[in-house]
2 protein chains.
Amino acid sequence: MAAKKQQDVCEVKTVDKAKVKAVKKVMLSDKDVYSLSEIFGVLADSSRLKIIYALSKEELCVCDIASILGGSISAISHQLRILRNLRLVKFRKESKRVYYSLDDKHIKRLFDQGLKHVRE
Amino acid sequence: MAAKKQQDVCEVKTVDKAKVKAVKKVMLSDKDVYSLSEIFGVLADSSRLKIIYALSKEELCVCDIASILGGSISAISHQLRILRNLRLVKFRKESKRVYYSLDDKHIKRLFDQGLKHVRE
DNA sequence: TTGATATTTGAACAATTGTTCAAGTATACT
DNA sequence: AGTATACTTGAACAATTGTTCAAATATCAA
């Protein structure tokens with residue numbers, strides 16, 4: 001209880017009110033923050049990054065992707081569902097096969113910007 | 001065992017070998033993939049996104065940040081450590097206070113690119 | 001030195017995430 | 001119809017992550 005009081009005091013009293021107010025005023029909306037964490041979250045996984053990169057080169061079926069990444073079909077399929085849900089990839093069925101390709105102009109740019117970042 | 005066999009067959013036999021080989025050839029290095037997932041991972045959290053955004057506007061002490069985000073000092077400090085470890089923020093001590101600011105030219109660009117993506 | 005402020009840190013805990021496994025659908029071939 | 005291929009899906013499980021809580025450190029002020 002004493003500890004909690006101490007924290008409350010800190011958060012309320014000893015702050016640069018003007019600064020805080022100014023930054024709060026221009027703070028991102030919860031919606032923007034949520035959407036941002038969502039796309040960045042998609043890009044925060046090795047398998048998905050590789051899938052996105054692979055699909056930026058070629059349209060590929062699930063089997064091809066699994067072969068390229070070296071993972072199980074099931075694991076790839078689960079990841080593709082995540083990419084599908086955020087509409088980052090589209091797919092077409094050709095008999096038994098399902099061919100995936102990128103369905104988002106921006107995602108590759110974001111990916112490339114990230115790559116630029118890590119390579120400098 | 002039968003199931004496993006089936007998967008192996010799929011992954012090895014029924015694949016477009018030329019395509020797979022071509023994409024494998026240009027595939028990202030493990031190092032690049034790891035680094036990418038690392039920075040995107042940092043950006044995949046609401047608190048950290050808000051911190052980065054706030055610090056892009058003003059240099060702020062931990063207390064200010066906590067006040068802006070409405071979280072506990074401890075939680076913010078933990079997040080700042082993550083940002084520090086990836087050298088996305090720098091800090092200076094001024095008596096009791098620790099002031100943080102962005103220490104990476106690229107991260108804001110990546111952030112803005114993401115924002116552009118979600119707002120279209 | 002004692003007490004208050006400002007921040008960091010470690011451990012514990014719940015929530016989220018990615019993978020595996022097994023079962024399910026869908027299409028083609030015989 | 002039966003079998004094989006291609007993919008999807010749900011449940012379970014381990015691993016990772018973010019937060020909280022309590023304790024530790026550092027600086028300042030009386």
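To find a chain, count down the sequence lines: A is the first, B the second, and so on, and within it residues start at 1.
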- Item | D/dT19 OP1/OP2 closer than 4.0 Å to side-chain N/O of B/S47 | yes
- Item | N/O donor-acceptor pair under 3.5 Å between A/Y53 side chain and B/V26 backbone | yes
- CG of B/L69 versus P of D/dT20: gap in Å, rounded? 12 Å
- Query: If you measure from the ring centre of B/H78 to the centre of the six-membered ring in the base of D/dT19, is it under 5.5 Å, with the planes under 30° apart?
  - Reply: no
- Task: Specify the separation, in whole Å, of atom CD1 of A/I65 and atom P of D/dT8.
- Result: 9 Å
- Message: Does B/R87 have more than 12 heavy atoms from other residues, nucleotides or ligands lying within 6.0 Å of its CZ?
- Response: no
- Message: Nearest whole Å is fine: how far is C/dT19 P from A/R48 CZ?
- Response: 8 Å
- Task: Respond yes when some side-chain nitrogen or oxygen of B/Q79 is under 4.0 Å from OP1 or OP2 of D/dT17, and no when none is.
- Result: no
- Look at the side chain of B/S74 and the base of D/dC21, then say whether one donor and one acceptor between them are separated by less than 3.5 Å. yes
- Item | Any side-chain heavy-atom pair of B/L43 and A/L36 under 4.5 Å | no
- In whole angstroms, the gap separating P of C/dT19 from CD1 of A/I73 amounts to 14 Å
- Query: Would you say B/Y100 reaches C/dA6's phosphate, i.e. side-chain N/O to OP1/OP2 under 4.0 Å?
  - Reply: no
- Taking CG from B/L43 and P from D/dG18, how many angstroms apart are they, rounded to a whole number? 12 Å
- Task: Report the distance from atom CG of A/D45 to atom C1' of D/dT17, rounded to the nearest whole Å.
- Result: 14 Å
- Taking only N and O in the side chain of A/R81, is any of them less than 4.0 Å away from OP1 or OP2 of D/dC7? no
- Note on the structure: Test side chain to side chain donor-acceptor pair (under 3.5 Å), reference A/Y100, set A/E59, A/R92, A/K90, A/R84, output is A/R84
- Message: On the nucleotide C/dT7, are OP1 or OP2 found under 4.0 Å from the side-chain N or O atoms that B/S77 carries?
- Response: no
- Message: Between A/V23 and B/D64, is there a side-chain heavy-atom distance shorter than 4.5 Å?
- Response: no
- Query: So, do A/L86 and A/I107 sit near enough that their side-chain heavy atoms are less than 4.5 Å apart?
  - Reply: no
- Message: Need to verify one output field. Residue with the more 5' nearest nucleotide on DNA chain D, A/R84 or A/R97?
- Response: A/R97
- Rounded to whole Å, CZ of B/F40 lies from C1' of D/dT16 at a distance of 20 Å
- Task: Please report, rounded to the nearest Å, how far the P atom of D/dT17 is from the CG atom of B/L83.
- Result: 14 Å
- Query: If you measure from the Lys or Arg side-chain nitrogens to the Asp or Glu carboxylate oxygens, is any gap between A/K116 and A/D112 under 4.0 Å?
  - Reply: no
Using atom names, set out every protein N or O paired with an N or O of nucleotides 25-30 of chain C below 3.5 Å, distance rounded to 0.1 Å.
none

